[in-house]
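Report on the following structure.
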Number of protein chains: 2
Amino acid sequence: MTLQRSVMREQIKELVIQRILEGTYKPGDRVVELQLVQELGVSQAPVREALRDLEAMRLIETEPYRGARVREVTPEELTESYPVRAALEELAGQLASTLATEETFTLLEAEMQNMHDAAEANDQHGLLVHDARFHEVIVEAAGNSVLLDSWGGLRIEAFTLVSVIKSQLDLGAIAQTHQPIVDALRQRDADLTGKVMRDHIEHFGSTLFGGTTHV
Amino acid sequence: MTLQRSVMREQIKELVIQRILEGTYKPGDRVVELQLVQELGVSQAPVREALRDLEAMRLIETEPYRGARVREVTPEELTESYPVRAALEELAGQLASTLATEETFTLLEAEMQNMHDAAEANDQHGLLVHDARFHEVIVEAAGNSVLLDSWGGLRIEAFTLVSVIKSQLDLGAIAQTHQPIVDALRQRDADLTGKVMRDHIEHFGSTLFGGTTHV
DNA sequence: TCCTAAGCGATTATCGATAATCTAGAGCGA
DNA sequence: TCGCTCTAGATTATCGATAATCGCTTAGGA
């Protein structure tokens, strides 16, 4: 942890994000300012500013004079996020179908390969990371920065990782379901691509909850 | 400025937001920390934290050691936001059509009245505020907090206010176009409501750019 | 015993000062 | 004159310390 490319606040932010995603900080855990201050040997100011950022990113919650804690991602919230994802990614698919370049397809196929590799190795974490990246590539290809921000605001990786990490999924099957998306994109058919994206998300959403019925 | 209901940071944030929306701080203007410090008689820390929040809200942009300035809302960005709004509000309409209560309708009709009043008084600012609130009521009625957050993240009021303030619109006509939405909701027809919402947004978007063709 | 309230330890919020960095402009050499 | 370096002023980033607040404990009284 000797990097110092940017301002301290950014480094602290990255560190805490990493710990949340890795599970070092678990949902509900408190994030105490002075603890980080001591551990990192910095002052309180940059820590506080980093926490403000993380609050805006919805990774933590804070209450005045009561501190910050890692946000609980409730099953309700995860459930609710899928219709929103579906709506946004349907739009992304429509837009991307006319804007996708060869580079887009190269990226998508690379991520598909990565997903298959991860499935092979039974690496759930890796699969989900590459899955998220696959979708991100499409949203980027849609060429709409507002859409990209909105989608990014859903924190797909974080939510999915945190919540699914325990369930048993058929990783190979998940990797496989991305092929139709690429096919539709290649056909340059906006409506079809949109529909395929929507179905894909909704299917993944229900699979997820099929696999983790309990709370 | 003697209020002090909550923590200072929140008050400072509110103040700056108000100034941006009012136009006291115009897009591109610098927001200097020490200036606010002097003016408000507070220390730099809460000002900086407020600015971090505003940055996350995308009302300002900051660069390390170069300070904050009010974000330019480019015409491109406004253009891009409409498809996203349309997608989100289509979903909101679908969900709200089954969940809307009598209270929802009461609120919607009140806002419609407010819009008509504002149109009568040729009060563009007022019309847009109530327009935004009308849509917000529907998104709230959809009962999906993730959707509500995503929609809120678009900062409809801010963007619209900042950008449209100069153009000449037929206020009465705008107020009028909200009736079909309420009608569709009352019919409890999800697909219809979704479609009406989408058309409404897309129509408003193109009207806007019809009226403000120039940059 | 039960209730109340004052006190204490822990933590956050704010302060005032210092260090780091940027920007514009003066001075200087070619 | 032009271009470059360097310095001064302005501004942001960070620091170390203090004030405010919270939750819990516990002493005291009925």
Side-chain angles (χ1 to χ4, degrees), chain A residues 1-20 23-72, chain B residues 1-20 23-72:
Chain A
M1 203 35 63
T2 45
L3 278 177
Q4 47 170 329
R5 58 182 172 196
S6 66
V7 282
M8 223 163 261
R9 153 170 43 100
E10 294 297 328
Q11 300 176 56
I12 298 169
K13 189 167 78 172
E14 296 297 331
L15 176 72
V16 177
I17 289 179
Q18 192 181 342
R19 288 188 177 178
I20 291 177
T24 311
Y25 293 159
K26 293 187 181 56
D29 281 1
R30 290 198 51 193
V31 181
V32 180
E33 296 178 3
L34 287 186
Q35 232 168 61
L36 284 169
V37 165
Q38 278 205 314
E39 178 186 342
L40 304 178
V42 299
S43 159
Q44 205 182 342
V47 173
R48 284 178 62 79
E49 296 187 18
L51 292 183
R52 289 287 92 66
D53 280 3
L54 293 174
E55 183 180 17
M57 293 171 73
R58 311 203 160 265
L59 286 178
I60 63 173
E61 283 176 324
T62 73
E63 276 187 285
Y65 294 105
R66 307 193 53 225
R69 52 184 64 238
V70 179
R71 207 151 109 65
E72 292 277 3
Chain B
M1 204 33 64
T2 47
L3 279 176
Q4 48 171 328
R5 61 183 171 195
S6 65
V7 282
M8 221 161 265
R9 152 169 44 101
E10 294 296 327
Q11 299 176 57
I12 297 170
K13 188 168 79 172
E14 297 297 331
L15 175 73
V16 177
I17 289 178
Q18 192 181 343
R19 288 188 177 176
I20 291 176
T24 310
Y25 291 160
K26 293 186 181 54
D29 282 0
R30 293 229 306 147
V31 182
V32 179
E33 295 178 5
L34 288 186
Q35 231 167 63
L36 284 169
V37 165
Q38 278 205 313
E39 180 187 341
L40 304 178
V42 301
S43 159
Q44 204 181 344
V47 172
R48 283 179 61 80
E49 294 187 20
L51 292 182
R52 290 285 93 65
D53 279 4
L54 292 174
E55 184 180 16
M57 294 171 71
R58 311 204 161 263
L59 286 177
I60 64 172
E61 283 176 323
T62 75
E63 278 188 283
Y65 293 105
R66 310 202 39 232
R69 51 184 65 237
V70 179
R71 208 152 109 65
E72 292 277 3

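Labels below follow one simple rule: chain letters A, B, ... track the order of the sequence lines, proteins then strands, and each chain is numbered from 1.
- In this structure, the nucleotide among dT11(C), dA20(D), dT21(C) sitting nearest to the side chain of Tyr65(A) is dA20(D).
- With rounding to whole Å, Ile12(B) atom CD1 is found 11 Å from dA13(C) atom C1'.
- Here Arg52(B) pairs with Glu55(B) in a salt bridge; the nearest charged N to carboxylate O distance falls below 4.0 Å.
- Distance CG (Leu34(A)) to P (dT18(D)): 15 Å, rounded to an integer number of Å.
- Comment: Arg69(B) does not engage Glu61(B) in a salt bridge, judged by the lack of any side-chain N to carboxylate O separation of less than 4.0 angstrom.
- A search for salt bridge (Lys or Arg N to Asp or Glu O under 4.0 Å) contacts involving Arg30(A) returns nothing, not counting sequence neighbours.
- When rounded to the nearest whole Å, the span between CG of Leu40(B) and C1' of dC15(C) equals 15 Å.
- Closest contact between the side chain of Val7(B) and the listed nucleotides dC15(D), dT12(D), dA13(C) involves dA13(C).
- For Glu72(B), there are no salt bridge (Lys or Arg N to Asp or Glu O under 4.0 Å) partners, not counting sequence neighbours.
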- [ ] Start with the C-alpha gap between Arg48(B) and Leu51(B), add the side-chain angles, then the distance that decides, and say whether side-chain contact (heavy atoms from CB on, under 4.5 Å) holds.
- [x] CA-CA 5 Å; Arg48(B) 283 179 61 80; Leu51(B) 292 182; 5.6 Å; no
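- Contacts of Ser43(B) classified as side chain to side chain contact (heavy atoms under 4.5 Å, CB included), with partners at least two apart in sequence or in another chain: Ala45(B), Pro46(B).
- Between Gln35(B) atom CD and dG9(D) atom P the separation is 19 Å, expressed in whole Å.
- Rounded to whole Å, atom C1' of dA19(D) lies 11 Å from atom CE of Met8(B).
- For Arg9(B), the listed nucleotide lying nearest its side chain is dT14(C); candidates were dT14(C), dC15(D), dC22(C).
- Ranking dT14(C), dC15(D), dT14(D) by closeness to the Val42(A) side chain, first place goes to dC15(D).
- Comparing Pro64(A) and Glu63(B) by the nucleotide of DNA chain D that holds the closest heavy atom to each, the one mapping nearer the 5' end is Glu63(B).
- Residue Arg66(A) places at least one side-chain N or O closer than 4.0 Å to OP1 or OP2 of dG23(D).
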task = Report the C-alpha distance between Glu39(A) and Arg19(A) in whole Å, list the side-chain angles of each, state the deciding distance to 0.1 Å, and finish with yes or no for salt bridge (charged side-chain N to carboxylate O under 4.0 Å, His left out).
result = CA-CA 14 Å; Glu39(A) 178 186 342; Arg19(A) 288 188 177 178; 2.5 Å; yes
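- When all heavy atoms of Val42(A) and Met8(A) are compared, the pair lying nearest together is CG1-SD, 3.4 Å.
- Every residue meeting the side chain to side chain contact (heavy atoms under 4.5 Å, CB included) condition with Arg66(B), not counting sequence neighbours, appears here in chain and number order: Glu63(B).
- Put simply, CG on Leu36(A) is 13 Å from C1' on dT12(C), counting in whole angstrom units.
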Checking side-chain contact (heavy atoms from CB on, under 4.5 Å) for the pair Leu59(B)/Val70(B): CA distance, chi angles, key distance, verdict? CA-CA 6 Å; Leu59(B) 286 177; Val70(B) 179; over 6 Å; no
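- A heavy atom lying under 4.0 Å from DNA chain D marks the following residues of residues 44-52 of chain B, by number: Gln44(B), Arg48(B).
- Of the listed nucleotides (dT14(D), dT12(C), dT12(D)), dT12(D) has the atom at the smallest distance from the side chain of Arg30(B).
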Could you list, one pair per line, each protein nitrogen or oxygen that sits under 3.5 Å from a nitrogen or oxygen of nucleotides 6-8 of chain C, together with the distance?
none

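- If you measure from atom CD of Gln38(B) to atom P of dT12(D), you get 12 Å, rounded to the nearest angstrom.
- Backbone-only engagement by Val31(A) is indicated by non-hydrogen atom pairs under 4.0 Å involving sugar-phosphate atoms exclusively.
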